[in-house]
Amino acid sequence: PLSTLPSSTYPPSAYPSPSHFESSSLIYPALLIPARRTNEIQTTLKELVFKEAKRKRVYALEEGLDYAVEEVTNGYDPKKERKLVLSRLGPADTFSGEDEVEAAQHDKVFQNPIIKTIIASSAQEDSSGSTSPNGKPEIRPSYMRLSASPYSLLSVDQVLRRIMPCRNDDSGEASNENGNPLIEEIPSSFEVAGHVAHVNLREESLPFKYLIGKAILEKNKPKIRVVVNKIGNIENEFRTFPMEILAGEGLDLGLVEKMCAAQEVSDPNKIQIKVGADHQSLMQVELKEHGCRFKLDFAKVYWNSRLSGEHDYLVKQIVTSAHEELKVTKERHCIVADVMGGVGPFAIPLTSANASHYHKTPILCHANDLNPVSYHYLEANAKSNRCFSDRLVKHNLDGRAFIHKMNNEGVDASHFIMNLPAAAPEFLDAFRGWNFGSSKKIPTIHVHCFGEKARGPEETSRVHTQVLQRCERALGCPESLSGPEGRERNKAQVRIVRDVGPRKNMFCVSFLLPEEVQKVEKLVLDVNNKREREGGVEESLPFSKKGKES
């Protein structure tokens, strides 16, 4: 139905009914294999075999399709063979009838080196005299017609593949007959925060955004109540971004249908129901992460569920380090400073009285965030997770001002967490002129940042060096992290946190604060959120109101 609609953006009403997915069948490529080798071949081809929930991938042979009655009378036994269904790599709906069978038997999956090797080795065995029944090769290409899975069993990816035009690499065509672009990558992945599903759609997928939203909503009910799409860059120091509603509560279906039907509106970016003040209650979410419960306003604070693993990893790393430190120092607690703490994904699990380490490894955390809304939810989350005031101290300051406050007030933090990937390394200049005090404690800094993705193992060292040099430039200490001697002395490590894009990774850089930083001229902050060197010229902060994060 999509190719017949005149609009550049398909309205929610264009979403097919469940019968659309259940009334058809598809032909899949398959291999005829010896029954005795079924488990062996399935294991070898585990990445290439057919995978759908509650569907078989191994079938008995069919009379008239895989063998003839005459063959059985001549000694051929079909019970000794099986049909293994493979994933279809070619287009699913380009052919019909005999052409569809031909396409399945010559599907791209048969060009896979592993399958080609299995088929070729089987043919070589046969030529040497080890033939299968009736003189046929033991393993040979075939096909299998399977009825479409019930709509209720389909995943988001499977639904979208059946309603969105996917690019056929063989055809080379970039658009369909309606002028809409053919999709290179099905946008079936999304982030979940409580009852909110969040996608970040590419330009090519925007004409189908309401169909994508409905697929995500329908396949994840009742947990998901609303689906939103990021429609701009992070444009403020609070790391929040504008969003539009694609499906669920808050979507004015009548208005969307009218906008999609309007001939004069051809740009999908102009057809939007933006998240605004009317949706404030809808954006209030509750979620659980690693034993802690968090409340937040998804539209007004920064939260990324894809960092759940990083939150858990770094918390465990700090707790382990703190345990070893306290055994030596015999101090009451280990101090952690969370510079860009948000609603508390690090601070709450570090200090909750519900945490398993609460009594045996006491941690005092100073958690800070510039966003007053984040600060509000940090306080609420601290209360609901039993983070008491003697373990969690909350601040609502600029990151640099917070670092200076820790040093000026003699807070001997063992760890500083700086989770602001777009600009955290630049905030390291706040450590210039650091006073290590009488304790001479050297804190470990954990900085999150974006960086180039290495295209191969040979580029890893260069990429890591670039990240370390970015940190040491802000510290004003050349070679203190990237140089061989400095890297070893300050225990500098670079770790990949997650894959962000085709050429972009998120990293965590951990290192001991270089002692030479105390000799660097201290940064002076003025009341206008500017930075200046003592006796020098003012400079704008790298994450000022005019700055942007992609």
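Only heavy atoms go into these numbers, but all of them, side chains included; no hydrogens, no water, no symmetry mates.
- Applying the ring pair (Phe, Tyr, Trp, His ring centres under 6.0 Å) rule to Tyr375 yields no partners; only residues at least two apart in sequence or on another chain are considered.
- Within the cation-pi definition used here (under 6.0 Å to the ring centroid, within 45° of the axis), Arg400 qualifies as a partner of Phe427.
- Surrounding CZ of Arg462 are more than 12 heavy atoms belonging to other residues, nucleotides or ligands, all under 6.0 Å away.
- With respect to the salt-bridge test (charged N to carboxylate O, under 4.0 angstrom), the residues Glu310 and Arg495 qualify.
- Remark: Tyr377 pairs with no residue by the ring pair (Phe, Tyr, Trp, His ring centres under 6.0 Å) rule, at least two apart or across chains.
- In this structure, the side chain of Ser205 does not engage the main chain of Leu201 through any donor-acceptor pair within 3.5 Å.
- We find that Glu409 and Lys405 are joined by a salt bridge, their nearest charged nitrogen and carboxylate oxygen being less than 4.0 Å apart.
- By the 6.0 Å and 45° rule, Lys219 stacks over the aromatic ring of Tyr151.
- No close placement of the Tyr15 and Tyr210 rings is indicated, their centers lying 6.0 Å or farther apart.
- Using a 4.5 Å heavy-atom threshold, the side chains of Arg391 and Leu350 count as separate.
- Taking a cutoff of 4.0 Å between a charged side-chain nitrogen and a carboxylate oxygen, Glu249 and Arg225 qualify as a salt bridge.
- Residues passing the side chain to side chain donor-acceptor pair (under 3.5 Å) test with Arg473, sequence neighbours excluded: none.
- The side-chain hydrogen bond (donor to acceptor under 3.5 Å, both in side chains) contacts involving residues 474-494 comprise Glu472-Ser482, Glu485-Arg489, Arg489-Glu516, where partners must be two or more places apart or lie in separate chains.
- Under a 4.0 Å N-O distance rule, the pair Glu185/Arg202 qualifies as a salt bridge.
- Taking the charged nitrogens against the carboxylate oxygens, Glu426 and Arg470 do have a contact shorter than 4.0 Å, which makes a salt bridge.
- Taking Arg503 as the reference, nothing meets the side chain to side chain donor-acceptor pair (under 3.5 Å) condition, with sequence neighbours excluded.
- For Thr444, there are no side chain to side chain donor-acceptor pair (under 3.5 Å) partners at least two apart in sequence or on another chain.
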